[in-house]
Novice: 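Structure provided below as structure tokens; questions to follow.
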Amino acid sequence: MSKTLFGLLLRTLVVLAGTAFLTFALLWNAPGDPAAAIAMARFDALLSQEVIDQVREEVGLNTSFWPAFWSWLGPLLCFDFGNSAVTGRPVWPDLWGAMTYTFPLAFAGLMIGLGVALPLAIFAAKRPGRLSDRIAVAIASLGAAIPAYWLGLLLILLFAVQLGWLPAMGARTPAHAILPALTLGLGVAASLTRIIRSGILEARGQAFLPAIQRRGVPEAAIGRDHIAPHAAIPVITVFGLELAFLLEGAVLVEVIFGRPGLGTFLVSAIAARDFPQVQAVVLLTALVFVVSNLIIDLLYRLIDPRIGERDA
Amino acid sequence: MVSGSTVTKLALRVSDLSAMRSGRTILYPTSLNIAPAERIGIVGSSGSGKSTFGHALIDDLRRQGHSVAQVPQSPDEALDPLRSMAFHWQEAERALGLKPGTADREALFATLKIEKGDMRKRPWGWSRGMQQRFVIAMALIGAPDLIVLDEPTSALDPVVAAATMQLLDQHLTEQNIAMVLITHDLGLASKWVSKLAVMQDGHLVEEAATQDILNTPQTKAAQSLVAHRNWMALPC
Amino acid sequence: MLTVDTIAVKRGSKLALQNIAFTLAAGKTLAVVGESGAGKSTLIAAILGFLKPIQGQIAWSGQPVRSCRPALVMQEPRAAFNPVLPLRRSVLEPVVAAGQSVPEARIKRLCDGLEIKEEILERRPNEVSIGQAQRVGILRALIAAPPLVLFDEPLSALDAVTQKHTARLIRDLQAEEGFAALIVTHDLGYAVAHSDEIAVLRAGQIEEISTPQQFVTAPKAGYCQALRDAAIALGGLEAAA
Amino acid sequence: MRSVLILAVFFALLIVFGAALAPHDPNALNIPKRLSPPSTEFLLGTDALGRDVLSRLLHGARWSLGLAFVVSLISLAIGTCAGLIAAQGGKIADWVMMRVTDTFLAFPELVAAVVIAGLLGAGTWSLIFALSLTGWMRFARVARGTGLSVKTRGYVVQAQLAGMPAWSIARWHYLPALLPSLTVVWTGAFARAILGISALGFLGFGVQPPNPEWGSMLLDARVHMRSTPLLMIWPGLVVVTCVLAINLSGDALRDAIAKDA
Amino acid sequence: QEGSLTISVGFISESEIPDPRASYNGWMSNQTGVTETLMGLDYDMKLYPRLAEAIEQSAPTTWRVTLREGVTFHDGSALTAQAVIDSISPMSEEGHPASNARIVKLLDLAGMSTDGDRVVVFETNSPNAAFPWSLSEPGLAILGAPSDAFPINGTGPYIFRDAVPNQEYRVEANSDYRLGVPGFEEVRVVGIANPSSAALAFEAGEVDMVINYPEADFARISAGEAQGFSAPTSRLYFYTVNAASGPMSNPLIRKAVSFAIDRNGVVDAVLSGVGGVAAGTVFPAGKNWAADIAAEYDPAKAEALLAEAGAVKTGGQWMLDGAPLEIDIVTYSSRAALSPTAEITQAFLSAIGIKASVKVGEWGASNDQIAAGEADLFLQAWVATPQGDPGSVLEALLKSDGGSNSGRYANAELDKLLEAGRLTFDQDKREAIYDDVQQIIAADAALIPVFHVSQVNVAKAGLTGYQVHPTETYWLTHETKLAE
Ligand SMILES: Nc1ncnc2c1ncn2[C@@H]1O[C@H](COP(=O)(O)OP(=O)(O)OP(=O)(O)O)[C@@H](O)[C@H]1O
Ligand SMILES: Nc1ncnc2c1ncn2[C@@H]1O[C@H](COP(=O)(O)OP(=O)(O)OP(=O)(O)O)[C@@H](O)[C@H]1O
Ligand SMILES: [Mg+2]
Ligand SMILES: [Mg+2]
Ligand code: NI
């Protein structure tokens with residue numbers, strides 16, 4: 001137990017350190033003057049060099065790479081993300097605020113995706129190659145094919161402008177999350193549908209299935225108990241990857257729907273070269289990926305304990 | 001469990017079963033009658049179409065509405081590597097409409113000497129012979145019209161194989177069940193079945209009482225099988 | 001020469017093998033018999049290095065066993081073949097890996113001996129019968145003339161005629177090429193007729209190692225007796241008794 | 001399978017000959033005729049700068065389809081290799097590979113884009129580089145996931161015993177098992193690449209203005225959504241049709257492969 | 001006084017709350033009428049006393065500001081000379097929430113003192129004609145002591161209520177406002193980054209007014225019930241020229257390029273005709289400081305100038321010193337109009353036979369390129385009069401030692417004039433100086449102005465008392481209301 005705990009800690013640390021360092025180093029060496037970018041973000045206007053130099057001094061960009069890196073890293077070890085270079089306010093409360101918008105949205109998107117994908121995939125896999133299959137897959141693929149901003153704007157046009165059923169912009173009430181979650185979810189649904197369908201078809205070819213059918217086990221139970229676990233291995237992989245997609249997708253969706261959130265937070269932070277903010281988001285996403293990867297690994301082993309056994 | 005003697009079972013009949021795979025006929029039209037509680041052995045050289053015939057037989061009978069239990073030739077074809085043995089067992093019980101735990105598992109397992117097997121493990125956590133016996137045990141839960149066993153003892157050592165055949169014999173008699181035993185082992189067949197069907201190249205070439213075939217095989221296939229019955233009499 | 005020096009092997013938390021020690025010289029055959037679940041397949045996995053013994057050593061002339069490119073005939077015939085590839089591809093793997101050219105003559109000879117048509121090598125594993133798959137497995141194991149071959153129930157799915165011819169092929173090739181063979185089998189008749197030594201495995205331990213002669217005439221342990229009786233009861237050893 | 005081939009040929013033709021079919025210079029401005037509706041002169045109308053939409057779409061195929069194809073293939077190759085190394089290479093390789101994947105996944109694409117644009121300069125190569133660099137991780141994860149379960153199969157054991165080289169085992173035993181899920185991921189990556197090219201174009205590298213490219217045509221048209229909706233509909237339709245077609249053919253390909261199996 | 005107004009705006013600066021003086025400019029509080037400054041800029045960009053009643057210069061470095069009578073903060077306390085000093089002095093205290101180094105530098109104060117209750121005396125370190133203009137800077141809001149009820153204790157017609165970072169900024173009416181009762185009980189400002197999304201929100205009735213409405217949709221929407229507002233601001237799109245090397249170091253070629261650009265065409269194509277006005281000079285025509293220089297489009301003259309510069313046209317392509325005349329244009333992507341403007345310029349240049357390429361990158365990267373001489377033209381967008389004063393931006397961009405003179409333009413005469421402008425206090429004399437400055441810039445094409453951005457706003461029918469302000473610093477006054 002303590003060994004797995006240690007392993008978990010190590011893997012988290014390595015990924016966090018890796019991403020943090022890489023991001024910092026790349027951002028630092030990126031073309032353009034970070035002080036100018038920060039100044040632009042602060043004043044929303046171009047400014048003379050003196051003001052920029054002043055900003056540079058203020059946010060500690062007048063040092064070289066390593067001192068800058070350490071002075072950011074030092075407080076971080078005490079779980080202090082530092083202050084934003086643009087607003088001068090602590091990063092953590094704002095980041096937390098952004099998360100409270102993004103995570104529920106991402107979760108809702110994932111659920112919608114799953115809710116659409118599962119029935120559709122099962123329906124499609126019933127008769128592979130037939131018209132019903134083609135139509136179901138086409139519907140699902142549409143989700144991936146329609147660019148998110150197209151879909152988002154269409155949804156707003158239909159449900160907010162034409163029908164007036166749902167609010168279009170902002171994030172004040174839970175109802176505000178419906179359209180963005182739908183936009184996000186339909187994108188997720190597409191790849192999920194296709195991978196689930198593919199997984200089911202793959203699982204259908206297993207040699208033991210005829211015998212189980214002859215044993216008199218009902219079709220539904222076979223699907224649930226035998227096909228689903230076999231199909232699950234590629235599916236959970238993709239499911240985990242959809243997390244990455246969700247965070248990426250959130251960037252667009254949040255902009256379209258005027259929602260504050262991690263996406264908006266990150267985009268403006270990068271544009272403004274707001275190192276502490278960028279780093280905080282990167283660390284957070286890295287953490288999400290480590291944890292999700294860990295869960296995926298555990299699930300693999302749970303579903304198919306042969307995995308990992310021969311490593312021993 | 002219903003006592004077998006009170007149930008009168010019907011004769012089973014399949015006619016003109018055939019099978020094509022990858023554009024090749026691997027089973028030519030074949031018919032077979034199985035009297036109630038009759039025990040028929042299907043023998044033939046490897047690749048002669050025994051398993052194919054077995055599958056076709058089961059599918060056809062099930063289509064006719066008979067209940068048939070099956071023991072496939074390889075446990076890989078019978079067990080889902082991702083589900084535990086306990087799950088398979090419960091699933092088989094449920095499929096027969098039994099409440100979980102009603103089947104007399106302990107007795108079956110004891111006779112088959114797999115009582116020490118860990119039911120929480122998945123099939124590949126058991127040795128192949130153990131898996132095969134587990135599949136046989138599953139086939140013996142209910143009281144179907146027919147049990148089709150495809151090489152049930154191929155992975156078993158003689159001690160266990162003998163015990164298994166005895167258990168099977170007893171179950172069939174008690175429940176009045178017919179059996180089709182697919183085997184390459186004439187010695188085995190001679191002991192446990194009353195009628196033999198010999199297959200060759202997708203045809204059922206000879207069908208007669210066991211002793212008749214052992215004593216006076218008519219076709220070349222049967223003769224060859226009879227000639228090579230066991231090791232010690234190795235002629236070559 | 002294969003040396004197994006008092007090994008113990010764990011499977012999960014259970015001790016599946018203990019105190020196993022024997023040697024197997026080139027050109028010799030060791031038959032391993034024993035009840036199902038005794039640990040025969042586990043022994044093979046351990047020899048090939050897929051399971052690490054928790055104690056003891058296994059070596060081929062002082063080297064790790066895998067370094068001599070041993071061959072294995074698997075107990076589950078179809079599992080040894082990639083389901084999406086024609087059998088020929090899998091069969092040729094040992095040859096390709098060794099960088100040799102395709103030994104058409106040898107394939108022909110093996111096919112003849114195993115009584116399989118060469119044509120079935122073009123099929124995929126689920127398009128052949130299990131007995132055929134088993135023989136293709138043997139073909140694959142023998143194709144590159146390995147110095148050590150491990151057979152896990154090589155004849156279990158074969159009819160008596162094919163069994164005999166297959167057994168003879170293995171014996172002939174062994175005589176020519178001098179590989180060491182370890183054969184796991186339930187078939188006492190086969191063990192007696194075709195091995196130099198018979199090891200009886202029971203509950204993870206070797207109960208007895210003896211020559212076939214001793215095994216038939218003067219079995220030491222009670223289990224051997226039981227095996228023989230059962231074999232007779234099933235109809236296998238009848239004629240010899 | 002045939003429909004897939006027809007489609008592939010069609011796309012290839014579009015990439016190669018699309019530009020030649022264009023009735024106008026895709027970059028020729030015509031301000032007096034800006035935002036004109038479809039007419040015989042401009043079959044699909046003109047954009048805000050008076051350029052012919054049809055010609056821009058035809059020229060854009062090279063950028064959008066061609067680049068997306070290259071990028072998704074490179075990602076596929078890198079990702080599959082990485083995933084297989086993780087699955088096949090033992091515990092340490094797996095650990096290292098997966099941590100690298102996590103790191104790349106967590107690493108914001110935007111940062112990568114900004115930096116690569118700066119380091120390599122704007123251009124097709126840095127675009128391909130950036131998109132591949134941020135696109136391979138999905139393949140790696142999928143390849144590893146399936147690879148881990150294939151690893152336990154008997155035929156892999158046999159191949160190892162035979163002493164087959166690792167790449168050959170990967171090629172012959174892992175790849176066929178991976179193909180179905182990889183094709184699904186690949187078609188997804190293709191779609192993402194089409195849109196990704198335009199997203200990165202906005203960061204100032206890759207396809208430079210005035211070169212036409214579907215994604216940025218779509219983005220540019222957004223402000224005209226209500227007044228000149230057709231402007232947004234054309235590139236949208238083209239992107240949707242292509243991505244849809246690619247998705248569907250991916251599935252057909254998958255089924256064809258599975259049937260062969 | 002009733003009802004509520006919801007305004008959508010591209011982004012809501014987070015730095016306003018809780019102290020609009022802090023670090024950066026307090027635009028939102030000023031725009032929504034929460035805070036007021038001592039001086040103000042009117043709609044013609046002329047300076048007027050706002051909280052001040054009068055401002056006079058008693059010595060080159062001494063400014064006396066007399067406050068209005070009877071002004072109170074939202075919490076009821078009186079605006080006194082001491083209150084003004086208390087509001088400004090923390091800005092130079094490091095670590096104080098109001099700390100604002102930029103404004104401190106702008107003011108460059110040596111000291112502040114009171115002369116009675118209503119007069120504040122400012123002492124600057126050096127003579128600075130821009131000082132009164134600096135007092136209109138939104139960040140120089142005069143605030144009373146904050147309290148829980150009035151976290152931003154301003155003096156304006158609206159009282160700050162609450163804010164959700166990045167999302168919403170809400171104010172309520174100050175019924176005690178000295179000039180009259182404001183027109184709305186409540187005003188909400190919501191942030192919608194994407195203009196198309198904002199337009200949809202407007203159509204869905206979720207917002208009543210959109211600041212920076214998509215120009216392309218302006219004609220359609222204002223043809224319906226909605227009202228459109230559009231007026232030029234001092235935000236200038238212009239080309240910085242690489243005056244140190246390459247073809248642009250030749251003033252004749254610079255002028256030729258300037259003549260080759262049809263600025264009205266640019267405004268039509270890029271801004272749908274409403275998003276800007278063609279720029280002949282640095283300041284928007286008709287407003288304070290603007291010299292009378294019209295935007296000229298004359299391709300023939302452009303070609304004549306090229307010939308005069310020694311270029312020869314062969315095969316429709318201008319050649320200079322035997323090589324084709326090629327111009328590299330760089331710009332950045334953060335403002336949507338930049339890249340199409342550059343593209344059109346490219347087209348206009350090629351129309352007269354000059355080959356041009358466009359590279360869209362980041363502002364910093366593009367700036368580096370022009371500074372390194374790797375590009376010839378750098379399209380940027382600056383607010384030409386950040387506090388209404390004309391000097392600072394021109395000095396930064398064009399003085400030979402200017403901090404943002406990335407094109408390395410150098411002109412001794414211009415340097416001298418700009419210096420004089422900063423030190424001249426008489427308004428008429430200053431105007432004359434900056435007129436000369438603009439003439440030199442135009443004659444030498446020291447930079448190439450393209451257009452002044454118009455702020456394009458849309459509101460629902462009936463909004464009165466609202467105008468677009470040229471520095472975008474003001475939205476609401478107490479007079480802004482919805483007519484029934
Ligand atoms: N993967 C596994 N994990 C845990 N235990 C296992 C595993 N495989 C086999 N065992 C156990 O190890 C013991 C020995 O199994 P093994 O497969 O070696 O038997 P065997 O002698 O080959 O039997 P058979 O003749 O039936 O094949 C059995 O009790 C079995 O349940
Ligand atoms: N899918 C298929 N495509 C082509 N031929 C097939 C296919 N399946 C089986 N066959 C062939 O059909 C014949 C009969 O196969 P079957 O499995 O019934 O034989 P069997 O008698 O059970 O043999 P064994 O004793 O070896 O199990 C074999 O020759 C086999 O090669
Ligand atoms: Mg068979
Ligand atoms: Mg075994
Ligand atoms: Ni013979």
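Note on naming: letters A, B, ... go to the chains in the order of the sequence lines (proteins, then strands), and numbering restarts at 1 for each one.
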Novice: With only heavy atoms counted, which part of B:Asp76 is less than 4.5 Å from chain A, the side chain, the backbone, both or neither?
Specialist: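 Contact with chain A involves the backbone of B:Asp76 alone.
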Novice: Closest heavy-atom contact between B:Trp124 and A:Asp304?
Specialist: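 Residues B:Trp124 and A:Asp304, closest heavy atoms: CZ2-OD1, 4.5 Å.
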Novice: Show me, pair by pair, the donor-acceptor contacts under 3.5 angstrom made by side chains of residues 194-201 of chain B, not counting sequence neighbours?
Specialist:
residue  : atom : partner  : partner atom : Å
B:Ser194 : OG   : B:Arg39  : O            : 3.2
B:Lys195 : NZ   : B:Glu207 : OE2          : 3.2

Novice: For chain A, which of B:Gly125, B:Ala139, B:Ala95 has the most heavy-atom pairs under 4.5 Å?
Specialist: B:Ala95
Novice: Among residues 225-232 of chain A, which residues come closer than 4.5 Å to chain B, judged by heavy atom distances?
Specialist: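 So far as heavy atoms go, A:Asp225, A:His226, A:Pro229, A:His230 are the residues that approach chain B to under 4.5 Å.
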Novice: More than 12 heavy atoms of other residues, nucleotides or ligands under 6.0 Å from CZ of A:Phe103: is that the case?
Specialist: yes
Novice: Give a yes or no on whether B:Arg13 atom CZ has more than 12 heavy-atom contacts from other residues, nucleotides or ligands under 6.0 Å away.
Specialist: yes
Novice: Indicate yes or no: at least one non-hydrogen side-chain atom of B:Pro81 is less than 4.5 angstrom from one of A:Phe208.
Specialist: yes
Novice: Determine which residues belonging to residues 59-69 of chain B lie within contact range of chain A, meaning some heavy atom pair is under 4.5 Å apart, and list them by number or answer 'none'.
Specialist: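 Hits under 4.5 Å: B:Asp59, B:Arg62, B:Val68.
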Novice: Can you tell which part of A:Leu302 gets under 4.5 Å to a heavy atom of chain B, answering side chain, backbone, both or neither?
Specialist: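 Contact with chain B involves the backbone of A:Leu302 alone.
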Novice: How long is the straight-line distance from CG of A:Leu209 back to CD of B:Glu77, given to the nearest 0.5 Å?
Specialist: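 So the CD of B:Glu77 and the CG of A:Leu209 are separated by 11.5 Å.
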Novice: Report, by ascending residue number, the residues of residues 210-221 of chain A in heavy-atom contact with chain B at a distance under 4.5 Å; give 'none' if the set is empty.
Specialist: A:Ala211, A:Ile212, A:Gln213, A:Arg214, A:Arg215, A:Gly216, A:Val217
Novice: Can you tell which part of B:Leu82 gets under 4.5 Å to a heavy atom of chain A, answering side chain, backbone, both or neither?
Specialist: both
